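This one's a predicted model, so the numbers in the text were calculated from it and none came from an experiment.
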Amino acid sequence: MTVKIYHNPRCSKSRETLALLEEKGIKPEITEYLKTPPDVKTLTEILDTLNMEPRQLMRTHEAEYKDNNLDNPDLSREQLIQAMVDFPKIMERPIVVNNGKVAIGRPPINVLDII
């Protein structure tokens with residue numbers, strides 16, 4: 001079983017989620033998504049699994065969200081997903097993927113549902 005976490009080491013919730021996984025004996029594959037953002041296909045799969053639209057996975061208070069007019073209602077789903085690839089800081093975190101299941105670690109305990 002390979003558990004993957006899209007992680008930001010500077011984010012307290014991301015650190016707490018990683019610690020929770022490790023407490024459960026899980027050594028996840030760690031992807032620092034600010035350095036290595038998921039591609040469009042991966043983000044699309046994550047959104048589809050979560051049954052979410054892109055804005056539900058976006059940090060709308062980040063400067064990159066506002067500076068790039070991502071609140072424009074005319075933007076397509078594909079454009080918004082591409083924006084998360086281009087500006088990974090706007091992506092909600094952490095995201096944990098396990099065996100076709102996905103959870104957002106806000107709060108960190110949410111990830112226990114998929115392990």
Side-chain angles (χ1 to χ4, degrees):
M1 160 171 90
T2 300
V3 176
K4 183 171 193 160
I5 182 170
Y6 290 95
H7 179 61
N8 178 352
R10 296 185 63 193
C11 170
S12 64
K13 294 295 180 205
S14 198
R15 289 191 310 269
E16 289 171 26
T17 299
L18 180 57
L20 182 63
L21 290 171
E22 290 172 342
E23 283 172 20
K24 296 291 182 187
I26 296 167
K27 297 253 183 251
E29 175 186 324
I30 299 170
T31 299
E32 288 189 36
Y33 68 89
L34 293 177
K35 296 177 183 174
T36 310
D39 60 19
V40 169
K41 180 180 182 287
T42 302
L43 268 176
T44 301
E45 290 170 357
I46 287 169
L47 286 164
D48 290 348
T49 302
L50 289 168
N51 198 26
M52 294 174 91
E53 288 306 313
R55 282 196 182 92
Q56 293 174 282
L57 195 61
M58 289 181 165
R59 298 169 58 86
T60 58
H61 293 55
E62 292 289 346
E64 287 89 346
Y65 184 87
K66 295 173 181 165
D67 294 348
N68 292 286
N69 300 313
L70 297 176
D71 59 348
N72 180 341
D74 295 330
L75 292 174
S76 68
R77 186 174 201 260
E78 291 74 23
Q79 288 171 308
L80 292 169
I81 292 170
Q82 185 62 54
M84 284 192 278
V85 173
D86 295 342
F87 310 105
K89 191 174 182 184
I90 65 174
M91 211 168 69
E92 191 58 79
R93 61 190 177 248
I95 298 170
V96 176
V97 180
N98 179 31
N99 203 22
K101 299 176 192 165
V102 180
I104 300 170
R106 289 191 168 269
I109 199 166
N110 284 350
V111 304
L112 296 180
D113 292 340
I114 66 164
I115 60 171

Item to check | N-O pairing of Asp48 and Arg77 below 4.0 Å | outcome: yes
Checklist entry - Does Lys41 come within less than 4.0 Å of Glu45, counting only side-chain N to carboxylate O? => result yes
Next on the checklist: Membership question, hydrophobic clusters at under 4.5 Å side-chain separation (ILVMFWY): are Leu112 and Ile95 in the same one?
Outcome noted: no
Item to check | Same apolar cluster: Ile30 and Ile115, side chain cutoff 4.5 Å | outcome: yes
Separation of [Y] [atom2] from [X] [atom1] (nearest 0.5 Å):
| X | Y | atom1 | atom2 | value |
| --- | --- | --- | --- | --- |
| Leu18 | Ile26 | CG | CD1 | 10.5 Å |
| Glu53 | Asn51 | CD | CG | 8.0 Å |
| Thr2 | Glu29 | OG1 | CD | 6.5 Å |
| Asn8 | Lys35 | CG | NZ | 10.0 Å |
| Leu57 | Ile46 | CG | CD1 | 7.5 Å |
| Met84 | Glu64 | CE | CD | 14.0 Å |

Just by distance, do the side chain of [X] and the backbone of [Y] share a donor-acceptor pair under 3.5 Å?
| X | Y | result |
| --- | --- | --- |
| Arg106 | Arg93 | yes |
| Asn69 | Asn72 | no |
| Arg15 | Arg10 | yes |

Closest heavy-atom contact between [X] and [Y]?
| X | Y | result |
| --- | --- | --- |
| Tyr6 | Tyr33 | C-CD2, 3.7 Å |
| Val96 | Ile114 | O-CD1, 3.4 Å |
| Ile5 | Ser14 | CD1-O, 4.3 Å |
| Val85 | Pro38 | CG2-O, 3.4 Å |
| Ala83 | Leu70 | CB-CD2, 3.6 Å |

Item to check | Of all pairs that satisfy side-chain hydrogen bond (donor to acceptor under 3.5 Å, both in side chains), the ones with a partner from residues 16-27, not counting sequence neighbours | outcome: none
Checklist entry - Does a donor on one side chain sit under 3.5 Å from an acceptor on the other, for Ser76 and Gln79? => result yes
Checklist entry - For atom CD1 of Ile109, is the number of surrounding heavy atoms from other residues, nucleotides or ligands below 6.0 Å larger than 12? => result no
Next on the checklist: Between Asp39 and Thr42, is there a side-chain heavy-atom distance shorter than 4.5 Å?
Outcome noted: yes
Next on the checklist: Within the 4.5 Å heavy-atom criterion, are Pro9 and Glu32 side-chain neighbours or not?
Outcome noted: yes
Checklist entry - Could you walk me through whether Val111 and Leu21 pass the side chain to side chain contact (heavy atoms under 4.5 Å, CB included) check? => result CA-CA 8 Å; Val111 304; Leu21 290 171; 4.1 Å; yes
Item to check | side chain to side chain donor-acceptor pair (under 3.5 Å), paired with Tyr65, selected from Arg55, Lys89, Arg59 | outcome: Arg55
Next on the checklist: Pair Leu80, Met58 - check side chain to side chain contact (heavy atoms under 4.5 Å, CB included), show working.
Outcome noted: CA-CA 9 Å; Leu80 292 169; Met58 289 181 165; 3.8 Å; yes
Checklist entry - Passes side chain to side chain contact (heavy atoms under 4.5 Å, CB included), Val3 versus Val97? Steps please. => result CA-CA 6 Å; Val3 176; Val97 180; over 6 Å; no
Item to check | Test log, rule side chain to side chain contact (heavy atoms under 4.5 Å, CB included), inputs Ile104 and Met52 | outcome: CA-CA 11 Å; Ile104 300 170; Met52 294 174 91; 3.9 Å; yes
